[in-house]
Amino acid sequence: RLKLHYLLEGPLEKGKRPVSICGAGPVGKSWLKLLKTAGVDIRYLIEVNPRKIGKVIHGVPVIDSAELALYRERAGLVLGAVGQKGARGSVRAHLDPLDFVEGEDYIFVS
């Protein structure tokens, strides 16, 4: 909840800035629920697991990380919410080539 408070006060502009979440696992779903409760517009869950891609989780579409370029303009601030070891490197490997800038276009919350 403390992270959420500071996200809302800072990068999320009091909930006015839309977000997408990297990770549709337990950590990403927890953030999804917290952000929805706070009234944040959540555009996408970004995922690598083919079993989750194309589904809708809590009203949010799950998109393939490999197709993120198609959604770049609409994604909003991307939150890295993957709990696996080494996941930050994987998230960076998907976002950096698309000119997402860490700290401006995406940040890690877990």
Side-chain angles (χ1 to χ4, degrees):
R1 289 185 295 204
L2 187 58
K3 287 181 185 180
L4 176 63
H5 170 78
Y6 283 101
L7 281 171
L8 288 169
E9 291 301 312
L12 295 182
E13 303 165 3
K14 299 196 185 304
K16 295 177 189 167
R17 188 174 182 189
V19 302
S20 292
I21 302 169
C22 277
V27 177
K29 287 177 188 170
S30 293
W31 274 101
L32 173 62
K33 290 176 187 176
L34 280 172
L35 292 163
K36 278 193 144 216
T37 300
V40 176
D41 177 16
I42 304 162
R43 302 281 172 89
Y44 307 107
L45 288 167
I46 304 162
E47 185 55 57
V48 296
N49 184 335
R51 291 180 298 166
K52 296 178 183 178
I53 295 166
K55 296 193 177 193
V56 175
I57 298 175
H58 301 295
V60 179
V62 182
I63 63 169
D64 188 337
S65 62
E67 296 180 350
L68 187 55
L70 301 173
Y71 304 93
R72 171 76 168 95
E73 295 301 316
R74 191 165 151 64
L77 178 67
V78 176
L79 302 179
V82 183
Q84 295 175 334
K85 187 174 182 164
R88 287 186 179 206
S90 295
V91 170
R92 286 183 183 108
H94 281 94
L95 298 177
D96 291 348
L98 299 174
D99 294 326
F100 282 84
V101 176
E102 187 171 355
E104 292 178 28
D105 301 313
Y106 73 95
I107 55 176
F108 292 97
V109 293
S110 64

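The residues of the chain are indexed from 1 along the displayed sequence.
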Given the rule that I, L, V, M, F, W and Y join up when any side-chain heavy atoms are under 4.5 Å apart, are Leu32 and Val40 in one cluster?
yes

Can you tell me how far CD1 of Ile42 sits from NZ of Lys36, rounded to the nearest 0.5 angstrom?
6.0 Å

The reported gap from CG in Leu77 to CZ in Arg17 (rounded to nearest 0.5 angstrom) is 4.5 Å

Please check if Trp31 and Leu8 belong to a single hydrophobic cluster, counting links between Ile, Leu, Val, Met, Phe, Trp and Tyr side chain heavy atoms closer than 4.5 Å.
yes

Contact summary for Leu34 and Leu4, nearest pair of heavy atoms
O-CD2, 4.0 Å

Given Val78, which partner from the list Ile21, Val91, Leu95 fulfils the side chain to side chain contact (heavy atoms under 4.5 Å, CB included) test?
Leu95

Distance-minimising heavy-atom pair for Gly83 and Ser110:
N-OG, 4.4 Å

Rounded to the nearest 0.5 angstrom, the CD1-CD1 distance for Ile53 and Ile63 is 9.0 Å

Test: salt bridge (Lys or Arg N to Asp or Glu O under 4.0 Å). Region: residues 51-70. Which pairs qualify, not counting sequence neighbours?
none

Which pair of heavy atoms, one from Ser20 and one from Ala75, lies closest together, and at what distance?
OG-O, 2.8 Å

Can you hop from Leu70 to Phe100 via hydrophobic side chains spaced under 4.5 Å?
yes

Does Ile57 share a hydrophobic cluster with Val48, counting links as ILVMFWY side-chain heavy atoms below 4.5 Å and allowing steps through other members?
no

Answer yes or no: is there a donor N or O on one side and an acceptor on the other, between the side chain of Arg74 and the main chain of Arg43, under 3.5 Å?
no

Following the transitive rule for hydrophobic clusters with a side-chain heavy-atom cut-off under 4.5 Å over Ile, Leu, Val, Met, Phe, Trp and Tyr, establish whether Tyr44 and Leu12 coincide in one cluster.
no

Heavy-atom closest pair, residues His94 and Ser90:
ND1-O, 3.0 Å

Kindly compute the distance separating CD1 (Ile107) from NZ (Lys3), expressed to the nearest 0.5 Å.
10.0 Å

How long is the gap from OH on Tyr106 to CZ on Arg88, to the nearest 0.5 Å?
10.0 Å

Grab the two heavy atoms, one from Val82 and one from Gly23, that are nearest each other, plus how far apart they are.
CG2-CA, 3.8 Å

Does atom CD of Glu73 have more than 12 heavy-atom neighbours, drawn from other residues, nucleotides or ligands, at distances under 6.0 Å?
no

Without swapping roles, check the side chain of Glu47 against the backbone of Ala24 for a donor-acceptor pair under 3.5 Å.
yes

The reported gap from CG in Leu68 to SG in Cys22 (rounded to nearest 0.5 angstrom) is 7.0 Å

Is it the case that more than 12 heavy atoms not belonging to Gln84 sit under 6.0 Å from its CD atom?
no

